[in-house]
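Read the structure below first, then the notes.
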Amino acid sequence: ETVALLSWAAMEMTRRFPGTVPMVIGDLSDEDGGRLRPHLSHQSGRDADIGYYFVGNQKLGHFKTATRENLDAEKNWTLIELLISTGQVKYFFVDRRFHKILYRQALEMGWTEEEARALFEAPIGKAKKSGMIRHIPGHKHHLHVRFRCPEGDARCGARRR
């Protein structure tokens with residue numbers, strides 16, 4: 001399910017942004033499940049690390065540290081929006097420094113303030129420990145998406161997160 005969702009999102013990004021660089025995907029999970037160092041997550045196939053898109057359509061084969069100046073807000077928000085539209089996302093982990101940028105982009109692309117605020121842990125002001133888009137240290141060069149457990153997979157929720 002994770003690979004299918006990521007493949008669909010990558011194809012959609014190419015369709016919406018003709019000529020865009022390929023999506024850079026990092027760690028998913030160990031082939032047999034269980035601990036995938038150095039991650040605490042990535043144990044059940046529900047987690048994926050995705051490289052950010054950068055201003056200037058910069059092609060990369062690896063992750064690169066993003067800044068407020070080089071982050072392509074439109075492409076990164078479109079990717080997040082696409083994944084949200086599947087109804088399969090539980091969380092995104094994105095460095096806090098990008099929350100305001102992505103929040104503003106959401107508003108620019110038609111989300112209401114109420115809708116956008118509900119998605120973010122803290123786009124403006126103090127963190128509220130809720131929302132789908134959260135800060136976790138270590139996400140300056142990629143975003144992390146955690147998908148919901150697949151329908152009918154009774155073991156998924158019981159696996160260590």
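Nothing fancy with the numbering, it's 1 onward along the sequence.
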Does S85 reach the main-chain N or O of L82 with its side chain, forming a donor-acceptor pair under 3.5 Å? yes
Indicate the ring-plane relationship of F120 and W77, choosing parallel, tilted or perpendicular according to the 30° and 60° boundaries. parallel
Indicate if V55 and I101 have the same hydrophobic cluster label, given that clusters are the connected sets of ILVMFWY residues with side-chain heavy-atom separations under 4.5 angstrom. no
Under 4.5 Å between side-chain heavy atoms, hopping through other hydrophobics if needed: is there a path connecting M11 to Y53? no
Within the structure provided, determine whether V89 and R148 are in side-chain contact (heavy-atom separation under 4.5 Å). no
When every non-hydrogen atom of G110 is compared with those of E115, the smallest separation belongs to O-OE1, 4.4 Å
Would you indicate whether the side-chain heavy atoms of I80 and L119 approach each other to under 4.5 Å? no
Trace of the side chain to side chain contact (heavy atoms under 4.5 Å, CB included) decision for F17 with T78: CA-CA 10 Å; F17 299 95; T78 299; 3.7 Å; yes
Closest non-hydrogen contact found for T86 with L83 is OG1-O, 2.6 Å
Interatomic distance, CZ@R146 vs OG1@T2, rounded to 0.5 Å, equals 10.5 Å
If you look at every heavy atom in M23 and A9, which pair is closest and at what distance? CE-C, 4.0 Å
Hey, are the side chains of W111 and Q105 touching, using non-hydrogen atoms and a 4.5 Å cut-off? no
Validation row: L107, E113 side chains within 4.5 angstrom (heavy atoms): yes
Qualifying salt bridge (Lys or Arg N to Asp or Glu O under 4.0 Å) pairs with a residue from residues 62-71, counting only residues at least two apart or across chains: none
Contact list for residues 13-26, test salt bridge (Lys or Arg N to Asp or Glu O under 4.0 Å), sequence neighbours left out: E12-R15, E12-R16
Compare all side-chain heavy atoms of V21 with those of L60 and state whether any distance is below 4.5 angstrom. no
Among residues at least two apart in sequence or on other chains, which ones pass ring-ring contact (aromatic ring centres under 6.0 Å, His included) with Y52? F98
Among residues at least two apart in sequence or on other chains, which ones pass ring-ring contact (aromatic ring centres under 6.0 Å, His included) with H141? F63
Interatomic distance, CG@D72 vs CG@N57, rounded to 0.5 Å, equals 8.0 Å
Heavy-atom closest pair (T67 atom, N70 atom, distance to 0.1 Å) is N-OD1, 2.7 Å
To the nearest 0.5 Å, atom CG of L71 lies from atom NZ of K140 at 14.0 Å
Applying salt bridge (charged side-chain N to carboxylate O under 4.0 Å, His left out), name anything that partners R104, two or more places apart in sequence or on another chain. none
Could you tell me the separation between the OH atom of Y91 and the CG atom of D47, rounded to the nearest 0.5 Å? 11.5 Å
Non-hydrogen atoms of R96 and H135 that approach each other most closely: N-ND1, 2.9 Å
I'd like to check the ring-ring contact (aromatic ring centres under 6.0 Å, His included) partners of F92; sequence neighbours left out, ordered by chain and number. none
Between W8 and F147, is there a shared hydrophobic cluster once you connect ILVMFWY residues whose side-chain heavy atoms come closer than 4.5 Å? yes
Would you say the side chain of H144 lies within less than 4.5 Å of the side chain of I136, judging by non-hydrogen atoms? no
Can you measure from CG (N76) to CD (E81) and round to the nearest 0.5 angstrom? 12.5 Å
Nearest 0.5 Å, please: how far is NZ in K59 from OG1 in T20? 11.0 Å
Taking all atoms of both residues into account, what is the closest heavy-atom pair of L5 and Q88, and its distance? CD1-CB, 3.8 Å
Do I133 and L102 come within less than 4.5 Å of each other through their side chains, counting heavy atoms only? no
